[in-house]
Participant: 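Pasting a structure below so you can have a look.
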Amino acid sequence: MHAVAAISQSALAHNLSIVRKYAPQAKIVSMVKANAYGHHLELAKPLFTADILAVSELSEVQKLRELTQKPILLLSGIFSENDLHEAIQLNCQIVVHDITQLEHLNNCKSPIKVWIKVDTGMYRLGLSNVQLQQSLSQLQNNSNIHIECIMSHFACADEPEHIKNTQQLKYFNQLNTQEFPQSMANSAAILSLRESHFDFVRPGIMLYGVSPFASINQQLLPAMELSAPILSLKSVKAGESVGYGATWQANKDTTIAIVGIGYGDGYPRHAKNGTPVLINNTLCSLAGRVSMDLICVDVGKINAQVGDRAILWGNDKLRVETIAAYSDTIGYELLTGVSARVTFTQHA
Ligand SMILES: *Cc1c(COP(=O)(O)O)cnc(C)c1O
């Protein structure tokens, strides 16, 4: 009797096929960082059929390497010669995004594939244009280093009309690195900015069935269904309040279901009164504050029993995008925030 995240293998495979449909000419980098956006690497294997897989940290490369022999890209790159040795041993490709990383590569004696990340206006990771030219000449001096791709990242791709998208794309094109494969597109750019697809696309959130935009995308299928059981039912009289801080009051006599999930499981504490919860195929509303282990749901309009399962997100009728909107966050944060207390299983 506790919270379960059921991961749908067929939804993951379907979402990957949608990426192929949008970017048929490009190779696909499945972004499986943060434990496959919280879905657990070992349950995300359908995504391993992409051309290459990417994670943020060396510790993630180690875990992923135990599951697959596919090419792996290390997004943060290396910060010491030890890191470099480990990356070579794990047979992974590395991103160079900061010039201090070059010194560790200087006397690299084994073959390694390098992606060079350029900052085209996000001012997060990436080399300036001048640093790019310097790095190219330095890296090309070492015959063990193969430059696999020149990459950059959009700051505002989730707002397709934002001027920054075309500015960044223009800057990227003016780098004159067309002799190398190129990569810019995340999920939002895959769906909305064809000219950014280049040679490798880097889908993340859309693989998990979640729209990168404010609106839901019906072509994508949610891969994670989060559910929890009703532990108790309460009759509440009009005027009575429910939960910590007594922030919700019954405006008529009703029944409240106490559901076994809370912020200790990764359900957002900031979910507002009225956030939808799907019980017995009907959308009901959150009543009162989310506590660590429990939430309270007004089930006055349905027939609910102890043991019935409430779906918190990941169903056609209730997507994580909706819960994100009710709790002032984004689907990415909710998916990656499901805690270790929740049992992960393959969806039947
Ligand atoms: C995480 C990440 C992506 C994927 O972004 P989504 O918005 O989830 O598609 C792409 N590129 C880089 C460099 C990333 O770190």
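These values consider heavy atoms only, across backbone and side chains, with no hydrogens, waters or symmetry-generated copies. Order of listing sets the numbers, starting from 1, for every ligand and every atom in it. Positions are given from 1 along the sequence.
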Participant: Hey, is the main chain of Val130 close enough, under 3.5 Å, to the side chain of Gln134 for a donor-acceptor pair?
Facilitator: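 No; judged by distance alone, with no hydrogens or angles, the pair does not exist.
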Participant: Identify the protein heavy atom lying closest to atom 7 (O) of ligand 1, giving its residue, its atom name and the separation to 0.1 Å.
Facilitator: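 Of every protein heavy atom, Tyr332 OH, 2.7 Å lies nearest to atom 7 (O) of ligand 1.
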Participant: Number the atoms of ligand 1 from 1 as they appear, then name those within less than 4.0 Å of a heavy atom of Lys117, with their elements.
Facilitator: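 Result: 13 (C).
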Participant: How far is atom 15 (O) of ligand 1 from its nearest protein heavy atom, and which residue and atom name does that atom have?
Facilitator: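 Answer, as residue, atom name and distance: Lys33 NZ, 2.6 Å.
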Participant: Is atom NZ of Lys27 surrounded by more than 12 heavy atoms (other residues, nucleotides or ligands) closer than 6.0 Å?
Facilitator: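 12 or below, so no.
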Participant: Would you please indicate if the ring centroids of Phe79 and His104 are separated by under 6.0 Å?
Facilitator: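 Ring centroids of Phe79 and His104 are no less than 6.0 Å from each other.
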Participant: Give the atom numbers and elements of ligand 1 that come within less than 4.0 Å of a heavy atom of Ile205.
Facilitator: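 Numbered from 1, ligand 1 contributes 6 (P), 8 (O), 9 (O).
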Participant: If we count only N and O atoms by modelled type, under 3.5 Å, do the side chains of Gln182 and Thr177 hold a donor and an acceptor together?
Facilitator: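 Indeed, the side chains of Gln182 and Thr177 share at least one donor-acceptor pair under 3.5 Å.
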Participant: Need the ligand 1 atom indices (1-based, order shown) with element for anything under 4.0 Å from a heavy-atom of Tyr37.
Facilitator: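 By the 4.0 Å cutoff, the relevant atoms are 1 (C), 4 (C), 5 (O), 6 (P), 8 (O).
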Participant: Is Leu90 reachable from Ile52 through a run of I, L, V, M, F, W or Y residues, each pair having side-chain heavy atoms under 4.5 Å apart?
Facilitator: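 Linked within one cluster.
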Participant: Following the transitive rule for hydrophobic clusters with a side-chain heavy-atom cut-off under 4.5 Å over Ile, Leu, Val, Met, Phe, Trp and Tyr, establish whether Leu221 and Val19 coincide in one cluster.
Facilitator: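 Per the 4.5 Å side-chain linkage, Leu221 and Val19 are not co-clustered.
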Participant: Considering heavy atoms of the protein only, find what lies nearest to atom 9 (O) of ligand 1 and give residue, atom and distance to 0.1 Å.
Facilitator: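 Residue, atom and distance for the closest contact: Ser187 OG, 2.5 Å.
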Participant: Any nitrogen or oxygen of Gly204, main chain or side chain, under 3.5 Å from a nitrogen or oxygen of ligand 1?
Facilitator: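 Yes, since at least one N or O of Gly204 sits under 3.5 Å from an N or O of ligand 1.
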Participant: Relative to the heavy atoms of Met31, which atoms of ligand 1 are at a distance of less than 4.0 Å?
Facilitator: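 Close to Met31: 2 (C), 3 (C), 4 (C), 10 (C), 11 (N), 12 (C), 14 (C).
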Participant: Using a heavy-atom cut-off of under 4.0 Å, does the side chain or the backbone of Arg202 touch ligand 1, or both, or neither?
Facilitator: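 The answer is both, backbone and side chain.
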Participant: Which bit of Met206 is near ligand 1, meaning a heavy atom under 4.0 Å away: side chain, backbone, both or neither?
Facilitator: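 Under 4.0 Å from ligand 1, Met206 contributes no heavy atoms.
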Participant: Of the non-hydrogen atoms in Ile302 and Cys284, which two are nearest, and what is the gap between them?
Facilitator: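 Residues Ile302 and Cys284, closest heavy atoms: CD1-SG, 3.7 Å.
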